[in-house]
Each structure stands twice: as C-alpha cells, then as structure tokens.
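What follows is a set of notes on a single structure, which appears directly below.
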Amino acid sequence: MVGLDEAFIQAPEHRPKTHLKHSDDYVLSKEIPTIDLSSLQDPNCDKTALVTEIADACMRWGFFQVTNHGLSLDLKRRVEKTMAEFFSLTLEEKRRVKRDEVNPMGYHDGEHTKNVRDWKEIFDFFLQDSTTVPASTVPEDTELRKLNNPWPRNPSDFREVCQEYAREVEKLAFKLLELISISLGLPADRFTGYFNDQTSFLRFNRYPPCPNPELALGVGRHTDAGVITVLAQDNVGGLQVSRRSDGQWISVKPNPDAFIINIGNCMQVWTNDKYWSAEHRVVVNTSKERFSMPFFLFPSHEVNIEPLEEFISEDNPPCYKKYNWGKFFAARNRSDYKKLQVESIQIDHFKAA
C-alpha cells in the first residue's frame, strides 16, 4: 500500500471489484440510455417520443446521456483547458482559495463521501456569485448568510471562462428540467418557481492516478442531493452507476461530446419515488488522471422538499416527510468537508413511517 493513507481505504464491501489497473480498462456497457436532443432545434417539434425516452431512463436508471445538446463544444474545450491549468498549479497556490467550514466553495483536497476520503481534488463555485444559504443547520435558526466565490488569480481567464460556461450549462439544465416535467405529465414550467434564488453550483474534479485503485475510490458511492446533475467528462473511464433493478455496478463509457444527466434526491422525492436517484461512484486507475465537470441544479434555500400532490393518492401515499432544502444543503456540506462520527445526512432519514 505504498503512498495510500488509511483515510482513503474503503470498507471491504465497498471496494471496487472491477477497479481500473489502467485508464482504458473499464467494461463497456450500452445499457445507460443515450438520448439525441437534435429534434429540439425545431421549436415546433413533437416532443412525444423524446419525453417517452426520458421517462423510461429516469424510471429505470436515473441516468442518461444526451447528444446534440446545443452547448458549444469549443466552450467546453476552453473550460477544460482552464481547469487543467488550475489543477497544475502548486498546492500552495491552489490552497489560497481553499474552502472552509463556512464557505463550501473553492479548492479542496480532503473531501469525504460517507466518511471515507475521496481520491481527488476539486474546485467548486456557485452559479450565482452571491448565493444565500442558511447560517447553520439548526432548524429554529432563521439567520441567512451570503456567500461569494473565492476566485484564483491564475489562470488569468479562470473566472471569465468559468462564468461563461456556467451560464450555458444552466440553460441546458433548465431545458432538460422542462423535458423531465413534460415526461411526468406536468406543465413544462412546473418546477420553475423553486429556483428564484437558486443555490446551484459547479464542480471541477481531478482524479490523479492511484497506487492502489483496488482499495480506494475517486468518489465513494452516493446519490446527488439536488434536482438534476449535468456532467461533462473527458475520455478516461471511471464513472459507475448502480442499476436500479439489481444494484449491479455498471461502467459508463465516456463520450467527451455528450453530457451525462442524472436525477437527484429532490426529484426523487417530488415524484414520490417514480423517478430514481441512482447511487454512483468513480473508480480510479494507476496510469492516467481523469477530469470531470458536474453542474448541480439546486433549488432556493427556502424551498421545502416533499412529494408533489400530483403523485400522491390514497393508493400511493407520501414516501417522504417534508424537509427544508437550505438546512439539508448546509448539513450535507459539513459532512463532505471532513470526516464526522455520525452518518452523513441522506433522504432516507426523511422516509415516511
């Protein structure tokens, strides 16, 4: 175990059985649906077939890839270049914009998932550079705090490129949110009101080569807390998704020109378990670094998350109790920042009795 601190070591039952000894060793699965959005270029197109595909993917997998999505691939390449330049800086320089327990944005190289340290380094930034969040996790505490992004001095165009990309990926996220809403038989704008003061953020991930990929994970098994995630990744494999039907870990073949979309906890709760927020993880390899860029679409801090009335009936009672998004967000960030002695907060904690 040369070079691998015990903080990174997964419990035996969670270690990757199909870890990557080399960066191209992933097992190709064609089961994650790929959905072509090119028909949306015609504003008058019939969306029936498209939303049927999305509904099936959200129920069976909670994951799908989209192609012909309309986001500039040139812009994506520019932000990837800028991201790589930032991560190539010295650790001292990166830590000048290091996150802390108050502000969860910025650089971090000690993130934990389910109290095990991830084999990665990250840089996070809010979509809205002044974002309002609760000051504490205490339910009775109504104090709010405004947080700003800590931007690095280098690369010199870092902030400009990041914000340009953020605006474009946000447009794609809301386009997809409308399609998901229609796929549920709801009006396209059913969810729009939940994002008036959104807490969405973007993340840059770098997964370095790992000396013991059979013991560690780039990101441990988890579900995403928010509404949907829009993920861009490079051509190095690593993402694995737990199949809803049997829990088997399925590797996703990377397509640098596509975006991977996954359903978050909020959408699972809103739809009363109709749509699925799948567990996923990242396996690492010994030979090649991997980069990815998720955009997490999060609602406003004051939004209460509970099953929508459209999905509740006498035969289908609520699966979850109501919880406040802002307080959930604050608690989740604290558990990501460092190892705690208690289980990190999950939506299962709000399961109806």
Side-chain angles (χ1 to χ4, degrees), residues 31-33 35 46-64 66 139 173-196 198-200 221-230 241-250 260-280 296-329 331-332 343-353:
E31 295 189 74
I32 301 294
I35 298 175
D46 183 352
K47 297 183 178 68
T48 304
L50 180 58
V51 298
T52 299
E53 282 187 87
I54 289 173
D56 182 65
C58 293
M59 286 188 287
R60 291 181 57 239
W61 282 97
F63 265 81
F64 55 96
V66 293
F174 277 106
K175 181 194 301 183
L176 289 160
L177 187 64
E178 288 186 355
L179 293 170
I180 289 169
S181 186
I182 296 168
S183 78
L184 289 162
L186 303 173
D189 63 353
R190 176 63 178 87
F191 299 106
T192 306
Y194 296 125
F195 299 91
N196 293 329
Q198 61 179 296
T199 54
S200 303
R221 76 198 195 286
H222 68 285
T223 57
D224 288 353
V227 179
I228 61 172
T229 303
V230 180
V241 177
S242 175
R243 187 163 52 194
R244 187 175 191 179
S245 60
D246 60 8
Q248 181 180 346
W249 289 107
I250 304 297
I260 294 176
I261 315 303
N262 64 282
I263 296 297
N265 293 164
C266 293
M267 185 61 72
Q268 179 169 332
V269 173
W270 282 337
T271 63
N272 208 28
D273 280 349
K274 180 180 177 72
Y275 282 0
W276 180 246
S277 179
E279 275 201 322
H280 49 289
F296 300 101
L297 183 64
F298 283 180
S300 307
H301 70 87
E302 76 276 4
V303 171
N304 289 319
I305 308 297
E306 60 185 325
L308 301 179
E309 59 183 15
E310 292 94 330
F311 300 100
I312 298 172
S313 66
E314 188 175 335
D315 296 329
N316 192 34
C319 297
Y320 301 91
K321 296 174 285 189
K322 178 169 64 178
Y323 63 93
N324 173 259
W325 168 252
K327 296 295 184 181
F328 186 95
F329 172 82
R332 190 77 170 239
E343 182 186 10
S344 56
I345 192 167
Q346 309 291 333
I347 58 166
D348 287 349
H349 297 160
F350 301 95
K351 278 278 191 181

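Remember, it's a predicted structure, so these values are computed and weren't measured experimentally. The figures here come from the full heavy-atom set of this structure, side chains too, leaving out hydrogens, waters and symmetry mates.
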When rounded to the nearest 0.5 angstrom, what is the spacing between [atom1] in [X] and [atom2] in [Y]?
| X | Y | atom1 | atom2 | value |
| --- | --- | --- | --- | --- |
| Phe174 | Ser200 | CZ | OG | 6.0 Å |
| Phe64 | Asn262 | CZ | CG | 9.0 Å |
| Trp325 | Arg332 | CH2 | CZ | 7.5 Å |
| His349 | Lys321 | NE2 | NZ | 10.5 Å |
| Phe296 | Asp224 | CZ | CG | 5.0 Å |
| Asn272 | Glu309 | CG | CD | 12.5 Å |

In this structure, are over 12 heavy atoms from other groups packed under 6.0 Å from Lys175 atom NZ? yes
Tell me, yes or no, whether the heavy-atom count around Lys351 atom NZ, taken from other residues, nucleotides or ligands under 6.0 Å, exceeds 12. yes
Smallest separation among heavy atoms of [X] and [Y], with atom names:
| X | Y | result |
| --- | --- | --- |
| Lys274 | Arg244 | O-NH1, 3.6 Å |
| Glu279 | Trp249 | O-CZ3, 3.7 Å |
| Asp246 | Arg243 | OD2-NH2, 2.8 Å |
| Ile228 | Ala173 | CD1-O, 3.5 Å |

Throw together a table of side-chain donor-acceptor distances under 3.5 angstrom for residues 47-59, partners on residues two or more places apart or in other chains.
unit_1: Thr48; atom_1: OG1; unit_2: Asp46; atom_2: OD1; d: 2.6
unit_1: Thr52; atom_1: OG1; unit_2: Thr48; atom_2: O; d: 2.8

After noting the C-alpha distance and the side-chain angles of Leu184 and Phe191, does the key distance pass the side-chain contact (heavy atoms from CB on, under 4.5 Å) rule? CA-CA 12 Å; Leu184 289 162; Phe191 299 106; 4.1 Å; yes
I'd like to know whether Arg190 forms a side-chain contact (heavy atoms from CB on, under 4.5 Å) with Leu308, so could you lay out the CA-CA distance, the side-chain angles of the two residues, the decisive distance to 0.1 Å, and finally the verdict. CA-CA 10 Å; Arg190 176 63 178 87; Leu308 301 179; 3.6 Å; yes
Using 30° and 60° as the class limits, which term best fits the ring planes of Tyr323 and Phe328: parallel, tilted or perpendicular? tilted
Quick one: does [X]'s side chain have a donor or acceptor within less than 3.5 Å of a partner on [Y]'s backbone?
| X | Y | answer |
| --- | --- | --- |
| Ser183 | Ile180 | yes |
| Ser181 | Pro187 | yes |
| His280 | Thr223 | no |
| Asn265 | Ser277 | no |

Kindly list each side-chain donor-acceptor pair under 3.5 angstrom involving residues 297-306, sequence neighbours excluded, with atom names and distances?
unit_1: Ser300; atom_1: OG; unit_2: Tyr194; atom_2: O; d: 3.2
unit_1: Ser300; atom_1: OG; unit_2: Asn196; atom_2: N; d: 3.2
unit_1: Ser300; atom_1: OG; unit_2: Asp197; atom_2: N; d: 2.8
unit_1: Asn304; atom_1: OD1; unit_2: Asn324; atom_2: ND2; d: 3.4

Any non-hydrogen side-chain atom of [X] less than 4.5 Å from a side-chain atom of [Y]?
| X | Y | answer |
| --- | --- | --- |
| Phe350 | Val269 | no |
| Leu177 | Phe195 | yes |
| Leu186 | Phe311 | yes |
| Asp273 | Tyr320 | yes |

Show, in sequence, the C-alpha distance, side-chain angles and deciding distance for Ile263 and Trp276, and conclude whether the side-chain contact (heavy atoms from CB on, under 4.5 Å) test is met. CA-CA 6 Å; Ile263 296 297; Trp276 180 246; over 6 Å; no
